[in-house]
Amino acid sequence: MLDYLNTIFPVRYTVFGLSSFGLLLAIFSLVALGEGAAVALLFLLLVGIGVFDLLQTRRALLRNYPIVGHLHFMLAYLPPASRQGLGESGRQAAPFSRAQRALVVQRAKAQSEQRAFGTSLSVQAEGYEWLNHSMAPTRLNSHDFRLTIGADRAQPYSASVFNISAMSFGALSANAILALNAGARRGGFAHDSGEGSISSHHRVHGGDLIWEIGSGYFGCRNDDGTFNADKFSNQARDPQIKMIELKLSQGAQAGCASVLPAIKVTPEIAAARGVPAGVDCVSPPAHSTFTTPLELLQFVARLRDISEGKPTGIKLCIGHPWEWFALVKAMLTSGITPDFMVLDGAEGGTGAAPREFSDHVGAPLEEGLLLVHNTLRGVGLREQIKLGCAGKVTSAFDMARLMALGADWCNSARGFMFAVGCIQSQHCHTNQCPSGVATQDPLRQRSLVVPDKAQRVYNFHQQTLRALQELVQAAGLTQPRDLRAHHILRRTAKHQVKSLAQLLLTPLPFGALLQDDLNALPLVYQQHWPLARADSFTLLN
């Protein structure tokens with residue numbers, strides 16, 4: 001308990017010490033003075049702790065739940081055996097394990113995450129993965145890894161390889177948006193607006209923004225929900241907006257409508273989105289501006305032109321492979337390519353969705369990323385289109401693994417939510433988030449103190465990239481983009497180990513899909529590539 005107090009509440013260590021002494025005094029008073037005096041003394045001590053909890057600025061949970069909120073932090077410091085008895089082990093991912101959350105929090109607080117006494121992972125277990133290191137490690141000068149997106153456009157963007165994934169104002173509180181954007185401004189990385197458009201809170205600190213436009217066209221819509229080019233132009237030309245991202249689908253909500261409940265559609269959110277206040281805000285499952293692959297790319301080109309040459313791309317979770325192939329064929333036919341694509345895995349899910357969708361719809365990130373990366377190689381377009389990805393990224397190893405599979409950069413949503421105080425209560429859709437991260441309740445979100453959480457966002461970004469730098473050095477490489485699938489090993493059985501290059505979809509040679517003979521290619525290309533068509537998302541008969 002003393003370690004818990006000293007680690008979590010160093011500023012209040014004396015207060016808790018006095019409280020502990022007071023409790024002992026209360027027990028003595030119960031005997032010596034009678035029950036009434038002891039209860040009164042205990043009551044005063046608890047009131048003092050409660051007032052202190054309400055006034056402190058480092059713990060959002062305690063500002064919303066003074067006194068009782070300490071139970072949450074005490075449980076985190078119980079021995080592993082005790083936690084298992086309460087239903088959670090350190091590695092049980094539900095949906096994120098305690099170990100994953102702890103790593104984010106430690107890095108957000110700039111605490112040491114060094115571990116003594118070896119790994120707690122079972123290295124003989126099937127599925128265990130590791131990075132092979134080099135006998136000649138390198139030494140890099142910086143952890144500020146960057147890439148240029150839209151190099152041939154009028155306004156290219158130099159992006160960090162680690163950015164904040166799409167989370168809308170409305171799903172997140174105003175204070176959470178303020179903290180995320182302030183951290184992004186300080187660290188020089190991008191903050192994706194989510195499809196809820198750009199609010200006044202996104203603009204306060206001036207951090208780089210990626211404007212995500214979904215099927216609801218929030219921030220650039222007519223009253224009937226269709227696209228309004230003039231409204232888009234007025235906002236897209238803002239220098240703070242660095243890239244335009246057209247969202248086709250996302251993680252847990254792939255293929256279904258997205259709903260922001262009426263209770264969370266405040267006048268402020270309604271103004272940002274251009275919708276009525278106090279009414280369910282619905283994003284349709286499909287766009288109204290296009291119905292074919294060619295029309296989709298023409299819309300991408302139109303957005304790029306209206307925004308005066310800002311990098312413009314597409315975000316999607318892979319579904320039917322032939323629809324993706326149709327889009328690629330449309331690129332070849334039209335000569336129009338997006339500047340970037342962001343692949344969302346089905347394991348993603350900051351938005352609420354029906355259980356069947358969150359559990360069983362959409363391709364996991366690994367499969368989606370491999371299909372997209374290989375297809376673009378197969379048609380010779382991979383170098384023209386940068387690939388980002390999102391799906392449970394919380395550590396540098398997560399990033400290294402995805403980059404080895406073909407990603408140019410990684411986004412994280414829930415990782416940055418943990419950095420600003422999320423405790424994974426999974427009440428995001430109820431407006432009753434206990435830490436003030438995912439709520440529009442003014443009292444609940446007041447507990448999230450922006451300067452403190454902004455610093456944590458910055459810390460998490462910096463510490464994760466420093467860890468990525470160390471992994472790249474250990475592998476004997478000079479950049480994360482040098483990582484390949486053969487660098488990552490996976491145990492497939494007790495005495496069998498294979499690299500991801502051996503296990504996963506065979507890398508396609510450049511231009512392989514432009515040849516007439518596809519017999520040597522994986523079955524998905526043999527079956528669906530010839531039947532995909534640039535003018536329709538349906539297969540040829």
Side-chain angles (χ1 to χ4, degrees), residues 93 95 126-129 165-166 247-256 313-329 338 340-349 353 356-379 381-382 385-395 397-414 483-492 498-509 512-513 518 521-529 531-532 537 539:
E126 183 175 344
Y128 174 72
E129 292 181 335
S165 196
K247 190 197 88 168
L248 305 182
S249 57
Q250 70 182 64
Q253 295 173 339
C256 79
I314 297 169
K315 171 185 173 180
L316 77 163
C317 176
I318 291 295
H320 296 313
W322 57 85
E323 294 183 347
W324 159 239
F325 295 159
L327 182 57
V328 175
K329 286 192 172 182
F340 66 91
M341 295 185 65
V342 174
L343 280 302
D344 211 17
E347 61 268 46
E356 291 83 0
F357 280 80
S358 58
D359 286 351
H360 301 293
V361 176
L365 180 55
E366 180 179 285
E367 285 75 15
L369 175 59
L370 284 167
L371 184 68
V372 170
H373 172 67
N374 275 324
T375 305
L376 292 177
R377 281 175 55 94
V379 297
L381 292 176
R382 180 62 184 89
I385 302 172
K386 300 299 183 185
L387 291 185
C389 63
K392 298 190 75 170
V393 176
T394 57
S395 74
F397 181 77
D398 296 334
M399 294 182 65
R401 184 178 178 282
L402 293 171
M403 289 177 161
L405 295 178
D408 293 305
W409 86 89
C410 297
N411 294 335
S412 177
R414 288 171 289 183
L483 288 161
R484 296 291 183 269
H486 63 260
H487 288 114
I488 309 295
L489 283 296
R490 180 190 296 171
R491 187 175 299 284
T492 58
K498 292 184 179 180
S499 72
L500 295 190
Q502 296 170 301
L503 283 171
L504 304 176
L505 198 61
T506 305
L508 293 192
L513 288 173
L518 305 180
L521 302 185
L523 194 60
V524 65
Y525 295 109
Q526 294 182 41
Q527 288 183 337
H528 299 309
W529 178 259
L531 300 179
F537 285 113
L539 287 169

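Residues take their numbers from the sequence shown, with the count starting at 1. In this text, all values refer to a predicted model and were calculated from it rather than measured experimentally.
In terms of heavy-atom proximity, C410 sits nearest to V393 at CB-CG1, 4.4 Å. Nearest heavy atom pair, residue A346 against residue V361, reads CB-O, 3.6 Å. S499 approaches A485 most closely through the heavy-atom pair CB-O, 4.0 Å. When all heavy atoms are compared, the tightest approach of F537 to W322 is O-CD1, 3.5 Å. Between R490 and L500, the closest heavy-atom pair is NH2-CD2, 3.6 Å. Scanning all heavy atoms of the two residues, the minimum distance from G378 to L508 falls at CA-CD1, 4.2 Å.
Proximity of a side-chain donor or acceptor of K392 to a complementary backbone N or O of G345 within less than 3.5 Å is not detected. Between the R491 side chain and the Y128 main chain, no donor and acceptor come within less than 3.5 Å of each other. In terms of modelled atom types and a separation under 3.5 Å, the side chain of S249 and the main chain of C317 share a donor-acceptor contact. No side-chain donor-acceptor contact under 3.5 Å links K498 to the backbone of T492.
Inter-residue side-chain proximity for E366 and L405 is flagged as met; some heavy-atom pair is nearer than 4.5 Å. You'll find the side chain of D344 reaches within 4.5 Å of the side chain of K315, heavy atoms only. In this structure, the side chains of L371 and P321 come closer than 4.5 Å at one or more pairs of heavy atoms. In this structure the side chain of M403 never reaches within 4.5 angstrom of the side chain of H487, judged on heavy atoms. Between L316 and L343 there is a side-chain heavy-atom pair separated by less than 4.5 Å. H528 has its side chain out of reach of H320: every pair of non-hydrogen atoms, C-beta onward, lies at least 4.5 Å apart. Side-chain contact between L365 and E347 is present, with heavy atoms from C-beta onward closer than 4.5 Å. Looking at heavy atoms from C-beta onward, V372 lies out of side-chain contact with I385 at the 4.5 angstrom threshold.
Note: L402 CG to L387 CG = 11.5 Å, rounded to the nearest 0.5 Å. Atoms CE and CG, on M341 and L248 in that order, are 7.5 Å from each other to the nearest 0.5 Å. In this structure, the separation between CG on L503 and CD1 on I488 is 12.0 Å, given to the nearest 0.5 Å. Note: S412 OG to M399 CE = 9.5 Å, rounded to the nearest 0.5 Å. Once rounded to the nearest 0.5 Å, the distance linking CD of E367 with CG of L504 reads 7.5 Å. Annotation: the span from L539 atom CG to E323 atom CD amounts to 8.5 Å, rounded to 0.5 Å.
Here the rule is side-chain hydrogen bond (donor to acceptor under 3.5 Å, both in side chains) with R382, and of D408, T375, N374 only D408 fits it.
Using a 30° and 60° split on the angle between ring planes, F325 and W529 fall in the perpendicular class, above 60°.
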